[in-house]
Structure formats: structure tokens, C-alpha cells
Trainee: 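Take this structure, written in C-alpha cells, and hold onto it; I'll ask about it next.
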Amino acid sequence: MLDTKYIRENFEEAERRLSTRGGSSFLEGFKALDQKRLMLLKESESLKALRNSVSEEISRIRDKSEAQEKILEMRSVSAKIKELDEMLKKLDEELGLFLLSVPNLPHPDTPIGASEADNVEIRRWGKFPEFSFAPKPHWEIGENLRILDFECGAKLTGARFTLYRGAGARLERALINFMLDLHTDEHGYTEVLPPFMVNRESMTGTGQLPKFEEDLFKMTDPDYFLIPTAEVPLTNMHRNEILKRSDLPLSYVAYTPCFRREAGSYGKDTRGLIRQHQFNKVELVKFTHPSDSEAELEKLTLHAEKVLQLLELPYRVVGLCSGDIGFSASTTYDIEVWLPSQNCYREISSCSSFGDFQARRAGIRFREQEKSKPEFVHTINGSGLAVGRTLVAILENCQQEDGTVIIPSQLRKYMGGTEKIC
RNA sequence: GGAGAGAUGGCCGAGUAGGUCGAAGGCGCUCGCCUGCUAAGCGAGUAUACUGGGAAACCGGUAUCGAGGGUUCGAAUCCCUCUCUCUCCGCCA
């Protein structure tokens with residue numbers, strides 16, 4: 001959420017920065033709503049001040065018959081206040097919903113652009129594997145080795161669900177453990193195992209709601225949602241809290257499954273593991289001091305890259321342009337891993353800084369000094385990494401001509417010493 | 001699922017015949033005094049949001065005692081609904 005005062009005082013600038021995201025004006029209608037609200041607020045509050053002071057006078061009058069006139073007068077004042085407050089409540093709701101639907105301002109350094117095509121490659125790492133044969137797509141490799149069963153997933157649930165079997169299931173679990181160990185032992189993150197369902201307030205705190213409900217799987221009886229990413233529970237851990245300055249930055253890592261409706265992506269990546277309704281992810285989340293957030297985003301991105309480096313998978317880092325960054329993000333780097341069968345890089349991690357956008361929605365603050373006013377922290381998160389897609393990258397990059405797959409050396413101890421899936 | 005208890009400020013904890021309660025007291029914390037050091041002691045201060053004024057320090061208004069609604073001139077205190085926590089019983093991985 002953007003700061004109301006900022007919008008009020010820098011309306012043109014806010015409009016201009018938001019417009020780089022593309023689409024129509026995001027702030028249309030704000031001024032009228034805001035001004036009307038302030039007017040009603042002022043009127044209601046001055047009547048309340050009157051009522052408070054007269055009520056106090058009444059309390060000091062011993063003879064109640066003398067107070068009768070004032071009581072009658074205040075009765076009508078109260079009625080008026082009630083009327084004003086009802087209008088005010090409606091306006092507040094309207095304005096609140098409005099503000100919750102305005103995306104974050106892109107960071108000044110975010111490249112301006114309309115779409116994916118305007119993203120900027122920042123760096124590349126690793127060497128492409130060379131094949132003396134035509135590399136197969138991971139779904140063929142997985143089916144041939146009987147470690148991925150797409151038909152069974154479809155039978156059990158439906159499209160975009162997959163059953164892993166044997167060494168496939170083990171490999172997925174190995175990757176989860178490998179990533180968690182790396183981030184906790186080497187990078188200093190605190191491991192968390194959160195609930196996989198959250199309530200509406202949590203989804204609103206990180207920005208999935210109110211705008212993107214159709215992307216979520218929801219429960220109806222209790223009004224809960226399956227998390228689309230661990231970002232949601234992790235960031236909301238500190239919702240409505242004032243953190244200690246000395247505790248910042250706080251760094252958390254969590255493995256969770258993620259559930260996404262993938263509405264609007266019919267026909268995209270229908271084969272294989274790339275786009276599933278349920279997938280595993282290890283997520284990194286940081287709460288930082290505002291002045292540290294840029295540096296912490298760089299660090300977090302490197303932490304995610306480290307996973308690919310240790311697995312010896314080639315990748316590149318891309319800076320997303322203003323038209324491609326997500327609703328809540330101010331800066332985003334995507335890490336894309338090389339997939340030989342598709343002859344291109346595919347997203348395997350998305351590392352973003354949100355400035356105070358999520359912190360303001362979720363009420364996550366700190367005090368610079370003991371006595372100073374609470375300020376919003378900055379939040380940062382990134383995948384470290386998407387586990388299913390990592391498994392895809394391993395199958396494709398490490399495949400052999402005979403259909404077997406060599407397991408990256410760093411992972412073998414998590415596979416009970418297995419060197420090859422055959 | 002059944003029975004009961006509770007939800008107050010950073011924490012603990014008063015406050016129910018409705019008014020002077022943003023809320024006693026204690027702890028913690030901050031500043032000052034005192035004191036070889038430490039501890040103890042003394043004094044002052046110590047919520048948040050919105051809003052008005054001011055360059056600022058700061059001053060004023062409104063709201064907030066789990067959430068929402070009601071009664072009333074006036075509610076932490078009375079009434080209703082909901083949520084959460086705890087205890088006991090049942091069930092269960």
C-alpha cells in the first residue's frame with residue numbers, strides 16, 4: 001500500500017511513476033474520495049469534541065432536571081454524529097479498497113519497459129552442457145526413468161498435478177534438504193515451517209488480496225487460502241508488530257508446497273513440471289532497515305544463485321522492467337536456469353524488494369531509537385529455489401545419451417550416495 | 001463435538017450500582033540526581049493511528065481496554081453477535 005499522505009502531496013509524481021507499469025491511471029478518483037473523507041472526518045470529530053465536553057458538564061450537574069436541556073441537545077448531536085460516521089465508514093472502506101488495489105511504485109532504478117521483452121540481462125553464470133545427441137525434455141526423461149508420473153497425477157487430481165516416484169521423489173526431497181541446509185548453515189537464515197493455509201488478512205498483507213483472489217485456491221468453510229508461496233506466511237509472521245532495531249535484518253527460510261490456480265495460463269507449459277497447481281519451493285524472506293534493503297536484495301539474490309552454482313547449473317540474472325514487475329514489487333531480479341530441451345532460460349527464482357509496500361499493509365515496523373516514532377521496515381523475498389523447476393533443470397542438463405541422469409556431486413549425500421538415476 | 005474460564009498499555013495486573021479512565025499499581029525502559037564501581041535510592045518521563053496548527057521543538061482534536069453492533073447525554077464497565085486463548089471430557093494423526 002502506498003502512503004496516503006505521499007499520494008496527496010505528490011500526486012503527479014505518483015501517477016507518473018505508476019504509469020510506467022502500463023495500463024490505465026491507477027489513481028483516478030483518489031482526490032475526490034480523499035477530500036470528501038477529510039471533510040466528513042473534520043465535521044464528525046468537532047461534533048464529538050462538543051459532545052465530550054458537554055457530557056462532562058452534565059456529569060457535574062447534581063440536579064438532573066437542570067441537565068435536561070443539554071441532554072436533549074446532545075441527543076440530536078449524537079444522532080448527527082451517527083449519520084456522519086455511517087457515511088464516513090463507507091468512504092473509509094471505499095478508500096481502503098482503492099488503496100489496496102494500487103500497485104507499488106517501481107524503484108527509480110527499475111528499467112522502464114512495457115513487457116518481458118524490455119527486461120535487462122545482468123549477468124550469466126556457467127557453461128551450457130554439450131550433447132552429442134538431441135537432449136530430451138524432462139518429461140520424457142522422467143517418464144522413461146519411471147520417476148515422474150503425469151498420468152497418475154491427473155488421475156488422482158487433475159491436470160497440472162504430478163506424482164513423483166522412487167528416485168524422483170527422493171531427488172525432490174534431497175533438493176529441499178540441500179537448499180534448507182545451505183541457507184541455514186551458510187547464509188544465516190532461520191528455518192521456519194509455517195502453516196500452508198492462511199487467512200484473508202495474511203493474503204492482504206502481502207498483496208495477493210484483494211486483487212488476485214482468482215489466482216488462489218480457497219477454502220470456504222473457514223475462509224482460508226492455500227498459500228501460493230511461503231512469502232505469505234513468512235512475511236505475515238510479524239504482521240502488526242514493532243520489531244527491534246537491533247534484530248534487523250531478520251532472515252527466514254522455509255520450505256513449503258505452493259498452490260496456484262494458474263488462471264489465464266491455459267495452454268502454456270501444459271507438459272511437464274514447469275507449471276503446476278502444486279509445487280515445492282524453498283523461500284527466502286528478509287525484514288530490513290530501509291537503508292539496507294537494496295544491499296540485502298543483492299545478497300539474497302546471490303544466496304539463491306549459490307544453489308545453482310553448487311548444482312553446476314547454468315543460469316542468468318535478469319532485471320525486470322517496470323511493465324513486468326509484480327503488483328507489490330519495487331525491484332525484481334529473476335534468476336533463469338538453462339533448459340537444453342527448450343534451448344532457452346526459464347525462470348527458477350524471482351527476488352524482489354517491496355520497499356515499505358508490504359510493511360505498510362501488514363503493519364510491520366521498527367523504531368530507529370528507543371523513543372522515536374515507529375517506521376515501516378522494508379521486506380524482501382526470493383525463491384531459493386523453486387524445487388520442481390530445479391529438478392527439471394537437473395534432469396535436462398545432466399541427462400546422458402542412454403537416458404540416465406548424473407546427480408550433481410553436491411547432492412549425492414542427500415541421495416544416499418546415489419550418483420546416477422537409471 | 002460437550003462443559004467451563006478468560007481476552008485491559010512493552011510485560012504483569014487493578015478497575016462491573018456507567019461519568020472526573022488513555023486507563024491505578026508493579027516490572028521493564030529512558031533521562032536527571034545521588035553514589036569509589038555495581039546494586040539500592042530519589043525525581044521526571046514512558047502507547048498507537050488519523051487529523052488541525054507550527055520551519056521545528058511542540059501544542060490541540062478524535063479514536064482505540066480482542067473484533068463488530070446496540071442501549072445512553074456519556075461505556076473498559078450494561079446488552080447482542082463473532083473471533084481467539086486456556087482448562088476438563090470425548091474423538092483423533
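From a predicted model like this one, the values you see are computed outputs, not experimental measurements. To find a chain, count down the sequence lines: A is the first, B the second, and so on, and within it residues start at 1.
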Trainee: When you check the phosphate oxygens OP1 and OP2 of G69(B), does a side-chain N or O of Lys89(A) lie under 4.0 Å from one of them?
Mentor: yes
Trainee: What is the distance, to the nearest angstrom, from the CD1 atom on Ile58(A) to the P atom on G74(B)?
Mentor: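 Roughly 9 Å, once rounded to whole Å.
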Trainee: Take His378(A) and Phe357(A), measure what ring-ring contact (aromatic ring centres under 6.0 Å, His included) needs, and give me the verdict at the end.
Mentor: CA-CA 8 Å; His378(A) 281 193; Phe357(A) 186 84; over 10 Å; no
Trainee: Distance check, P atoms only: C34(B) and C42(B), in whole angstrom units.
Mentor: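 Per the computed distance, 16 Å lies between those P atoms.
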Trainee: For C80(B) and U72(B), measure between their C1' atoms and round to the nearest Å.
Mentor: 16 Å
Trainee: Expressed as a whole number of angstroms, how long is the span from Asn240(A):CG to A67(B):P?
Mentor: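 After rounding, the reported distance stands at 12 Å.
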Trainee: To the nearest angstrom, how far is Glu201(A) atom CD from C82(B) atom C1'?
Mentor: 13 Å
Trainee: Which nucleotide in the list U71(B), C84(B), C73(B) gets nearest to the side chain of Tyr224(A)?
Mentor: C84(B)
Trainee: Knowing that exactly one of Leu193(A), Ile227(A), Ile176(A) qualifies, which makes a side chain to side chain contact (heavy atoms under 4.5 Å, CB included) with Thr256(A)?
Mentor: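 Going through the options one by one, the only one that passes is Ile227(A).
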Trainee: How long is the span from the CG atom in Asn397(A) to the CG atom in Leu313(A), to the nearest 0.5 Å?
Mentor: 5.5 Å
Trainee: Distance check, P atoms only: A63(B) and C21(B), in whole angstrom units.
Mentor: 16 Å
Trainee: Between Phe212(A) and Phe327(A), is the ring-ring contact (aromatic ring centres under 6.0 Å, His included) condition met? List the steps.
Mentor: CA-CA 10 Å; Phe212(A) 306 104; Phe327(A) 177 81; 5.3 Å; yes
Trainee: Say you pick atom P in U64(B) and the same atom in G74(B); how far apart are they, in whole Å?
Mentor: 13 Å
Trainee: Where is the tightest heavy-atom contact between Arg261(A) and His277(A), given as atom of each residue plus distance?
Mentor: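 Closest pair (atom of Arg261(A), atom of His277(A), distance): O-CE1, 2.9 Å.
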Trainee: Between A14(B) and A75(B), how many Å separate the two P atoms, rounded to a whole number?
Mentor: 25 Å
Trainee: Checking Leu33(A) against Leu91(A) for the side chain to side chain contact (heavy atoms under 4.5 Å, CB included) test, could you report, in this order, the C-alpha distance in whole Å, the side-chain angles of both residues, the deciding distance, and whether it holds?
Mentor: CA-CA 7 Å; Leu33(A) 268 177; Leu91(A) 267 181; 3.3 Å; yes
Trainee: Looking at Ser349(A), Ser352(A), Ser350(A), Ser383(A), which one forms a side-chain hydrogen bond (donor to acceptor under 3.5 Å, both in side chains) with Asp334(A)?
Mentor: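 Of the listed options, the one satisfying the test is Ser350(A).
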Trainee: Hey, is NZ on Lys306(A) packed in by over 12 heavy atoms from elsewhere, all under 6.0 Å?
Mentor: no
Trainee: Mind calculating the distance between CD (Glu43(A)) and P (U62(B)) to the nearest angstrom?
Mentor: 16 Å
Trainee: Looking only at atom P, what distance separates G15(B) and C31(B), rounded to whole Å?
Mentor: 34 Å
Trainee: If I take atom CD in residue Glu73(A) and atom P in nucleotide G74(B), what distance separates them, rounded to the nearest angstrom?
Mentor: 13 Å
Trainee: State whether Arg51(A) places a side-chain N or O below 4.0 Å from either non-bridging phosphate oxygen (OP1 or OP2) of C73(B).
Mentor: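 For C73(B), neither OP1 nor OP2 has a side-chain N or O of Arg51(A) closer than 4.0 Å.
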Trainee: Starting at the 5' end of RNA chain B, write a dot or bracket for each base, bracketing those in Watson-Crick or G-U wobble pairs whose two distances are under 3.5 Å and using | for partners on another strand.
Mentor: ((((((((.[[[..)...(.....]]]((((((.......))))))(((((((....))))))).[[[[[..)....]]]]])))))))....
Trainee: Rounded to the nearest Å, what distance is computed from the CG atom of residue Leu84(A) to the P atom of nucleotide A63(B)?
Mentor: 14 Å
Trainee: Suppose you measure atom P in C86(B) against the same atom in A17(B); what distance do you get, rounded to whole Å?
Mentor: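 The same atom, P, in both gives a distance of 31 Å.
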Trainee: Heavy-atom nearest nucleotide on RNA chain B for Leu50(A) versus Glu56(A): which residue maps closer to 5'?
Mentor: Glu56(A)
Trainee: Can you label the angle between the His183(A) ring and the His187(A) ring as parallel, tilted or perpendicular, going by 30° and 60°?
Mentor: tilted
Trainee: For Phe366(A), is the NZ or CZ atom of Lys244(A) found under 6.0 angstrom from the centre of its six-membered ring and inside 45 degrees of the ring axis?
Mentor: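 Lys244(A) over Phe366(A) ring: no.
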Trainee: Atom NZ of Lys80(A) to atom C1' of G74(B): distance rounded to whole Å?
Mentor: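 Checked: the NZ to C1' distance equals 21 Å.
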Trainee: Between C84(B) and G90(B), how far apart are the C1' atoms? Round to whole Å, please.
Mentor: 22 Å
Trainee: Mark up nucleotides 47-61 of chain B, 5' to 3', with B wherever a protein heavy atom is under 4.0 angstrom from a base atom, S wherever such an atom reaches only the sugar-phosphate, and - elsewhere.
Mentor: SSSSS---------B
Trainee: Grab the NZ-C1' distance between Lys82(A) and G74(B) for me, whole Å please.
Mentor: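 Going from NZ in Lys82(A) over to C1' in G74(B) covers 16 Å.
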